[in-house]
Amino acid sequence: MEKNYDTHRIEDQWYQTWMETGAFHSDHTQGGEPYCVMIPPPNVTGILHMGHALNNTIQDILVRWRRMEGRNVVWMPGTDHAGIATQNVVERALAKEGKTRDDLGRDAFIERVWQWREEYGGTIVRQLKRLGASCDWERERFTMDEGLSEAVAEVFVRLYNKGLIYRANYIINWCPRCHTALSDEESEHQDCVGKLYHIRYPVQGGAKGEYVVVATTRPETLLGDTAVAVHPEDARYADLDQKTIVLPILDRELRVIRDDYVDPKFGTGIVKVTPAHDPNDFEMGQRHSLEQINVMNGDGTMNEAAGPYAGMDRFACRKQILKDLEAQGLIEKIDDHHHAVGHCYRCDTVVEPRLSPQWFVKMAPLAEPALAALENGELNFVPARWNKVYTEWLSNIRDWCISRQIWWGHRIPVFTCTACQHEWAAKGCPDLCPECGAAELSQDEDVLDTWFSSWLWPFSTFGWPDQTEDLACYYPTQDLVTASEIIFFWVARMVMAGYEFMDGLPFDTVYIHGTVRDDAGKKMSKSLGNALDPLDVIKEFSADALRFSLTMLTATGQDVYISKDKFEIGRNFGTKIWNAARFIQMQCGDPPPPASQDSGVTGPDAEAEPRDVVGLPVLDPALLTADDRHLLGKLQQAVIDCSAGLEKYRFNDAAHVLYEFVWHQYCDWYVEYAKETLYGEDVARRNQVLLILHYALGTALRLLHPIMPFLTEELWHAMGYTATIDRKDPAGFIMKAPWPTPWPDQQLTDWGVDAATTEYVERKHELIRLGRTLRADFGIVPNKAIDYIVKPHDAEGATRLESDRASVAALLKAQMLTVDEAFEPPQAMPSSVGGLGTLYMPLAGLLDVEAEVARLGGQLEKVVSGINQITRKLSNRAFVERAPEAVVEQQRENQKELMEKRDKIERLIETIKG
RNA sequence: GGGGGAUUAGCUCAGUUGGUUAGAGCGCCUGCUUGACAUGCAGGAGGCCGGCAGUUCGAGUCUGCCAUCUCCCA
């Protein structure tokens, strides 16, 4: 093995091999319980960002883990057509050529978008591959594919015929830049400091100069006012009921209406009503049969109805109108005002509420089963707090505006007969009117919201409306992994579609992960310029490092704060594992492995026997030391804890378990103990230790594979843990190896892995640390050989230590280590008290008595404060009486132990003082 | 305005149903080119667990209020 491993070559090579061998593919003919995950389809215009990296790392962990467990796994990949975003991108490209989409015409423009997609649409998919995502790429889908388009049309026609789709003149969110309606979810509210303009509206027929004051944040909309409103019980304006108001500038006569909507405490308690430009005013207008006057064009300029302002941009108009009102003395005052303003989620333009004919889906009937799914426990969010968010939204659901005034997307399949005006929905391209048989038909010009195809993703991707065998096999899927931002956009709607069209929910668990932020807590975004490009991180650190670091740092559902140096965690860990493996291989004396022809990546010698690290290791209990047993116990615990972490979606816990086991238990302690044996003469012992080293490494590699797929696959082969020499044989892939399971208790008992041994080794570690600290405290360089004496506290410790002397001596770099239960220091010497015994470090020359007393005094202080705490508890009668027996007993034991330790330290101090 | 989340070591964060003397990584200090690894090894310092009440034998953990920061919805 090479001293440093070439991450990029290895990662590229393994991904290619996995792809070539179809390792990610499965279908209904494969055995095993199905396990299916639907990728949240990224936008085809998208570029991989850290959010994607986290999202897909988590999915890949789940998928690779379940695959190793023997499940029949499909991870369905694909992209969505991102109607508005993609159209924007292509329009921008056209603009550079000095053209608009209208110059091309609808068909040519769509052709152009497809071209763009062919050329650039694969970017994010390639990036996901760099990350190591084990998607079933043979199944890759696109929401504009023929099959998915058919599903969209099928669904539209069904809902239309059921009466759940309707067209209405309604106030929608209009993006004046994209020239299209947006759904409520696509209009993002941002807090803005605006102005609240208080404007005087003269009263008709009142005293001269009588006026009322209305407050508005959008003065330009007053041109569309058709009434003013007050609260029905607001006595202040009782005299207004018989009067009318004059709209400034246009001199339109306005009715005074009374409506509950008006908050008498806000502003002056009187509001202007603009039914065509405000959702609340629209509803008031409905209730009072008010005229709707649209004063704006689709591009945000004022139209003819705006009179003198026709043709001006809405914001220019606002300025001018204020100027004009000011000139007429009609501005009462202008206050600063904080409010939330809708912005287009694609282009960040201020959204304009606008009256226009749009298509809607009636959501209430669809929401019912989706709500029930949560209540009856069929559906679960992890973490559970998202249950409430989902429930709230569904309980107050509003109809979904699904029409978009753009060209790129699924065209609304509604046709109108020119002859008889019959309107109907149909799949495909009907030739004749079903009513009158005329051939002159027109199709609705609008296209559907992109999410109208995404909400069908869990079944349309398997060929629905055809009842395919794969659909029957994999639907419903199991886990959905996504971010909270799209619970409304996507998750809830998929559940609704599942019940409506598949008679059942599309997945049972929704894991919601946090948002990736920069280390200042800002959401990472391209426009803020704080984005870390995952591809750069992969280049600098490796995909494995990116994945491990993200996993380790992301606590369940919490936001994760990232900066570049965080990825050192994963890189360093990878290096550590590589070197541990390299060390073991060096001990085996295997001839240097030959470079394979194509990749130059090294593998095991063709002559070498494969090493089985999957089956039960054949260990001779008579040859096992306490350290061996301790490690086996720790390995067992790591297997249990790692699986438990994954089961509970606590990926950071799983990562921590593996990090702690590999780095600290395996490398820091076991490998160091092992060196004594490996460099020694006892061949039987040596083989035993090598077997454990290999076995533990092999098991750790399998546990790590879902998080760090590349490094583990490479080492699996380089270490010869596969039965096949051929690196392209899937049977030899770690990704196909079985997931480690705990040994039966009896096995551990047979090996002598028990609590007493584990505790002994923990205490031995403590003793070694004490010895090293003594060294450090007395300025003795680490490699200077010195003597130590241990005085064990009891006979059992004495026996264990005596037979284990060599291992302690080695790790203490001791020239001689004496175990002596009766030891009494002939002179004052540095010492420390541990759980196993008292450790002495004889020093040549005189000891600084005062300094040593102070040092031991420090230790004593800690112990005494511990005793005080426990004693306080135990002397509390209520505690002893009411706390569980086991807890009290534990405290008593701790107290006893600490007191013994205190006594020993005190005696040491006495001795030294002489 | 409604709802959620956060507040623990200098920094970034764990801490699952309340129960050992509260942990990790990074950073910091000291010493090490020890025959896997300086992307490393050994040792060390560093915490009134945001504040105030309450429940309890016992609170970082549960409840209420307050403060600060953040997100979602209107």
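Computed from heavy atoms alone, side chains included, the values below leave out hydrogens, waters and symmetry copies. Chain letters run A, B, ... following the sequence lines, proteins first, then strands; residues in each count from 1.
- Between G47(B) and U8(B), the two P atoms lie 15 Å apart (nearest whole Å).
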Using a 4.0 Å cut-off on protein heavy atoms (strictly under), produce a 5'-to-3' string for nucleotides 16-34 of chain B with B for base contact, S for backbone-only sugar-phosphate contact, and - for none.
-> B--BBB---S-----S---
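- Between Glu672(A) atom CD and C37(B) atom C1' there is a gap of 10 Å when expressed in whole angstrom units.
- Taking the centre and axis of the six-membered ring of Phe583(A), the NZ or CZ atom of Lys675(A) falls inside the cone set by 45° and 6.0 Å.
- Rounded to an integer number of Å, the gap from Arg872(A) CZ to G58(B) P is 13 Å.
- Using a 4.0 Å cut-off, no side-chain N or O of Lys576(A) falls inside it from OP1 or OP2 of A36(B).
- Rounded to whole Å, atom C1' of C41(B) lies 14 Å from atom CZ of Phe583(A).
- The aromatic rings of Phe661(A) and Tyr666(A) lie tilted to each other, with the angle between the two planes from 30° to 60°.
- Val880(A) comes within 4.0 angstrom of no nucleic acid atom, judged by non-hydrogen atoms across all strands.
- The aromatic rings of Phe567(A) and Phe541(A) sit tilted relative to each other, their planes meeting at an angle between 30° and 60°.
- In this structure, the NZ atom of Lys388(A) is 15 Å from the C1' atom of C71(B), given to the nearest Å.
- Searching all strands for a Watson-Crick or G-U wobble partner of C41(B) with both distances below 3.5 Å returns G31(B).
- Rounding to the nearest 0.5 Å gives a distance of 9.5 Å between CZ of Arg547(A) and CD1 of Ile538(A).
- Between Asn652(A) and Leu553(A) the shortest side-chain heavy-atom distance does not fall below 4.5 Å.
- Both distances falling under 3.5 Å, in either a Watson-Crick or a G-U wobble arrangement, occur for no nucleotide opposite A59(B).
- We find that Asp627(A) and Lys764(A) are joined by a salt bridge, their nearest charged nitrogen and carboxylate oxygen being less than 4.0 Å apart.
- As judged by a 4.0 angstrom heavy-atom cut-off over every strand, Arg582(A) is placed among residues touching the sugar-phosphate backbone only.
- Between Glu714(A) and Arg9(A), no side-chain nitrogen of the basic residue sits less than 4.0 Å from a carboxylate oxygen of the acidic one, so the salt-bridge criterion is not met.
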At a cut-off of 3.5 Å, list every protein nitrogen or oxygen paired with a nitrogen or oxygen from nucleotides 7-10 of chain B, distance to 0.1 Å.
none

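- Base pairing of U16(B): no nucleotide in any strand meets the Watson-Crick or G-U wobble criterion (both distances under 3.5 Å).
- Here Glu893(A) does not pair with Lys896(A) in a salt bridge; the nearest charged N to carboxylate O distance is not below 4.0 Å.
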Please list, for nucleotides 42-44 of chain B, all pairs of protein and nucleotide N/O atoms separated by less than 3.5 Å.
{"residue": "A42(B)", "atom": "O3'", "partner": "Arg772(A)", "partner atom": "NH1", "Å": "3.4"}
{"residue": "G43(B)", "atom": "O3'", "partner": "Thr773(A)", "partner atom": "OG1", "Å": "3.0"}
{"residue": "G44(B)", "atom": "OP1", "partner": "Thr773(A)", "partner atom": "OG1", "Å": "3.4"}

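- Relative orientation of the Tyr511(A) and His513(A) rings is tilted, given thresholds of 30° and 60° on the angle between their planes.
- In this pair, Phe548(A) and Tyr659(A) present their aromatic rings parallel. The plane angle is below 30°, not in the 30 to 60° band.
- C57(B) and C62(B) have their C1' atoms separated by 16 Å, with the value rounded to a whole Å.
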Chi angles and distances behind the salt bridge (charged side-chain N to carboxylate O under 4.0 Å, His left out) call for Arg769(A), Glu766(A) = CA-CA 5 Å; Arg769(A) 278 201 205 94; Glu766(A) 183 202 27; over 6 Å; no
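- We find that Glu759(A) and Arg763(A) are joined by a salt bridge, their nearest charged nitrogen and carboxylate oxygen being less than 4.0 Å apart.
- Per the geometry, OH belonging to Tyr673(A) stands 19 Å off C1' belonging to A36(B), to the nearest Å.
- Within the shown strands, nothing qualifies as a pairing partner of C48(B) under the Watson-Crick or G-U definition with both distances less than 3.5 Å.
- Per the geometry, NE2 belonging to His513(A) stands 17 Å off P belonging to C71(B), to the nearest Å.
- Atom-to-atom, CG of Leu550(A) to P of C13(B) comes out at 14 Å; the value is rounded to the nearest Å.
- Spacing between A59(B) and A14(B) at atom P, rounded to whole Å, works out to 24 Å.
- Atom CG in Asn396(A) sits about 19 Å away from atom P in C72(B), given to the nearest Å.
- Phe488(A) comes within 4.0 angstrom of sugar-phosphate atoms only, judged by non-hydrogen atoms across all strands, and of no base.
- The aromatic rings of Trp451(A) and Trp490(A) sit tilted relative to each other, their planes meeting at an angle between 30° and 60°.
- Using a 4.0 Å heavy-atom cutoff across all strands shown, Glu861(A) reaches no nucleic acid atom at all.
- When both pairing distances are held under 3.5 Å, U68(B) makes a Watson-Crick or G-U pair with A6(B).
- Comparing C52(B) with G44(B), their P atoms sit 33 Å apart, to the nearest whole Å.
- Here Asp278(A) pairs with Arg218(A) in a salt bridge; the nearest charged N to carboxylate O distance falls below 4.0 Å.
- The C1' atoms of G18(B) and U63(B) are separated by 13 Å, rounded to the nearest whole Å.
- Comparing C37(B) with C32(B), their C1' atoms sit 15 Å apart, to the nearest whole Å.
- Atom name C1', nucleotides U33(B) and C69(B): the rounded distance is 47 Å, in whole Å.
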